[in-house]
*Asks:* 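Before we start, here is the structure in question, set down as structure tokens.
This structure is a prediction, so every number in the text was calculated from the model and none was measured.
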Amino acid sequence: MSVILGIDTSSTDLGIGLHKDGKPLASVSRFVRNSHAEHITEAVKMLLKLNSVDPSEVTHVAIPVGPGSFTGLRIGIAFVKGFCASNNRKVLPLSTLNVMAASFKTPVETRIFSAIDARNDEIYWASFSIKDGKMLRLSDDKISGIDELLETSTPDDIIITDKMGFSRSTIFKALENKRNTLAVENDPVHRGFVTSAIASSFLDDSSLWCDAFELKPNYLRLSYAQKKAS
């Protein structure tokens, strides 16, 4: 039996998903900007209890490790390390951009770009393709100005954006007239559920899983504290 818990704290929403033996059970998504720490334990307990799953029955955990909110990523990773401290649960670290892209379901072949506001006139982004119902990565996660994404994408590509809750975010104004741009603020995605779904599909590939203590955030650039320390 496999019970997979997916946890996403990389953005303004807190997402929790649950899959059992390859089948979806439930998910919960809460808008908890800057307060993931106050809600994550309660949300996980609630989801498990409502689905009659004891915490000891969880066999695997998956979590996006970045890029994204510096604080949110640290909180999520710390929770997973604590949750897995007393057992041998394996953990699947995922790219936040991959989870964003996988949240978009389409039966047709297409390219998908995921983009997150990284502030300072930069974005985190990556590109993927969907072919024969499977998602393939086309580029590594990167940080750059939006011009590079615009030069790489075409009008037919899907672009999913996340302003990270910044009310004055202007980085995506250049995409306003592109017909296939989807903003997670307007079209919420259940990233915790997508996280556990991805993990369920990779359950048999042991090379992708690690021990919880090995988890590290992938910021793609130094945090303010790291810059100050250096």
*Asks:* Could you report the tightest heavy-atom contact between Ala199 and Trp209, atom names first, then the distance?
*Replies:* O-CZ2, 3.5 Å
*Asks:* Calculate, to the nearest 0.5 Å, the distance between atoms CG and CG belonging to Leu97 and Leu220 respectively.
*Replies:* 7.5 Å
*Asks:* Might you point out which heavy atoms bring Ala26 and Leu47 nearest each other, and give the distance in Å?
*Replies:* CB-CD1, 3.8 Å
*Asks:* Which of these passes side-chain contact (heavy atoms from CB on, under 4.5 Å) with Ile77: Pro93, Pro64, Pro217?
*Replies:* Pro217
*Asks:* Just wondering, more than 12 heavy atoms not from Asn51 lying within 6.0 Å of its CG?
*Replies:* yes
*Asks:* Can you give me the closest heavy-atom contact between Tyr124 and Gly68, atom names plus distance?
*Replies:* CE1-N, 4.3 Å
*Asks:* Under 4.5 Å between any side-chain heavy atoms of Val53 and Leu25, yes or no?
*Replies:* yes
*Asks:* Please report the interatomic distance CE(Met164) to CD(Glu185), rounded to the nearest 0.5 Å.
*Replies:* 10.0 Å
*Asks:* Between Glu57 and Leu48, is there a side-chain heavy-atom distance shorter than 4.5 Å?
*Replies:* no
*Asks:* Ser153 versus Lys178: any side-chain heavy-atom pair under 4.5 Å?
*Replies:* yes
*Asks:* Indicate, with yes or no, if Val189 and Met100 share a hydrophobic cluster defined by side-chain heavy-atom contacts under 4.5 Å among Ile, Leu, Val, Met, Phe, Trp and Tyr.
*Replies:* yes
*Asks:* Are side-chain N/O atoms of Asp54 and Ser56 paired as donor and acceptor at under 3.5 Å?
*Replies:* yes
*Asks:* Output, in order, the C-alpha distance, side-chain angles, deciding distance and verdict of side chain to side chain contact (heavy atoms under 4.5 Å, CB included) for Val65 and Ile63.
*Replies:* CA-CA 6 Å; Val65 294; Ile63 181 171; 4.2 Å; yes
*Asks:* Let me know which of Val61, Leu5, Val28 forms a side-chain contact (heavy atoms from CB on, under 4.5 Å) with Val44.
*Replies:* Leu5
*Asks:* Linking I/L/V/M/F/W/Y whenever their side-chain heavy atoms sit closer than 4.5 Å, directly or via other members, would Ile116 and Leu138 fall into one cluster?
*Replies:* no
*Asks:* State, with a plain yes or no, whether a side-chain heavy atom of Thr181 is found less than 4.5 Å away from one of Glu176.
*Replies:* no
*Asks:* Quick one: NZ on Lys131 to CG on Leu136, what's the gap to the nearest 0.5 Å?
*Replies:* 8.5 Å
*Asks:* Hey, can you tell me if Phe70 and Tyr219 have their rings parallel, tilted or perpendicular (30° and 60° cut-offs)?
*Replies:* tilted
*Asks:* For a side chain to side chain contact (heavy atoms under 4.5 Å, CB included) check, start with the C-alpha distance between Ile198 and Met135, then their side-chain angles and the critical distance, and finish with the verdict.
*Replies:* CA-CA 11 Å; Ile198 293 174; Met135 177 166 289; over 6 Å; no
*Asks:* Could you grab the distance from atom CD1 of Ile158 to atom OG of Ser129, nearest 0.5 Å is fine?
*Replies:* 13.0 Å
*Asks:* Please report the C-alpha distance between Leu203 and Ile4 in whole Å, then the side-chain angles of each, then the deciding distance to 0.1 Å, and finally whether the side chain to side chain contact (heavy atoms under 4.5 Å, CB included) criterion is met.
*Replies:* CA-CA 9 Å; Leu203 196 58; Ile4 302 174; 4.0 Å; yes
*Asks:* Is atom CG of Asp156 surrounded by more than 12 heavy atoms (other residues, nucleotides or ligands) closer than 6.0 Å?
*Replies:* yes
*Asks:* Determine whether Arg137 and Asn98 satisfy the following criterion, side chain to side chain contact (heavy atoms under 4.5 Å, CB included), listing intermediate values before the conclusion.
*Replies:* CA-CA 8 Å; Arg137 178 180 281 274; Asn98 189 0; 3.9 Å; yes
*Asks:* Using residues 10-23 as the side-chain source, report each donor-acceptor pair under 3.5 Å to any protein atom, sequence neighbours left out, with the distance given to one decimal.
*Replies:*
residue	atom	partner	partner atom	Å
Ser10	OG	Asp8	OD1	2.8
Ser11	OG	Asp162	OD1	3.4
Ser11	OG	Asp162	OD2	2.7
Ser11	OG	Arg191	NH2	3.2
His19	ND1	Ser196	OG	2.8
Asp21	OD1	Ser2	N	2.8

*Asks:* Shortest non-hydrogen contact from Leu92 to Leu208?
*Replies:* CD1-O, 3.3 Å
*Asks:* At what distance, to the nearest 0.5 angstrom, does CZ of Arg119 lie from NZ of Lys163?
*Replies:* 10.5 Å
*Asks:* Quick one: OG1 on Thr154 to CZ on Arg111, what's the gap to the nearest 0.5 Å?
*Replies:* 5.5 Å
*Asks:* Would you indicate whether the side-chain heavy atoms of Ile160 and Val184 approach each other to under 4.5 Å?
*Replies:* yes
*Asks:* Could Lys45 and Glu42 be called an ion pair, given the rule that one side-chain N must be under 4.0 Å from one carboxylate O?
*Replies:* no
*Asks:* Considering all heavy atoms of both residues, which atom of Phe128 and which atom of Ala101 are nearest to each other, and what is their separation?
*Replies:* CD1-CB, 3.5 Å
*Asks:* Among Ile, Leu, Val, Met, Phe, Trp and Tyr joined by side-chain contacts under 4.5 Å, find the other residues sharing a cluster with Leu175 and list them by chain and number.
*Replies:* Phe113, Ile123, Trp125, Ile146, Leu149, Leu150, Ile159, Ile171, Phe172
*Asks:* Do Leu73 and Ile143 belong together in a cluster built from hydrophobic side chains that touch within less than 4.5 Å?
*Replies:* yes
*Asks:* Going by atom type alone, with no hydrogens or angles, which donor-acceptor pairs under 3.5 Å involve a side-chain atom of residues 82-91 and a protein atom two or more places apart or on another chain?
*Replies:*
residue	atom	partner	partner atom	Å
Asn87	OD1	Arg89	N	3.1
Asn87	OD1	Arg89	NH1	3.4
Arg89	NE	Val58	O	2.6
Arg89	NH1	Phe83	O	2.6
Arg89	NH2	Pro55	O	2.5
Lys90	NZ	Asp211	OD1	2.7

*Asks:* Side-chain contact, heavy-atom cut-off 4.5 Å: Leu215 with Lys81?
*Replies:* yes
*Asks:* Of all the heavy-atom pairs spanning His190 and Ser27, show the shortest one and how long it is.
*Replies:* ND1-OG, 3.8 Å
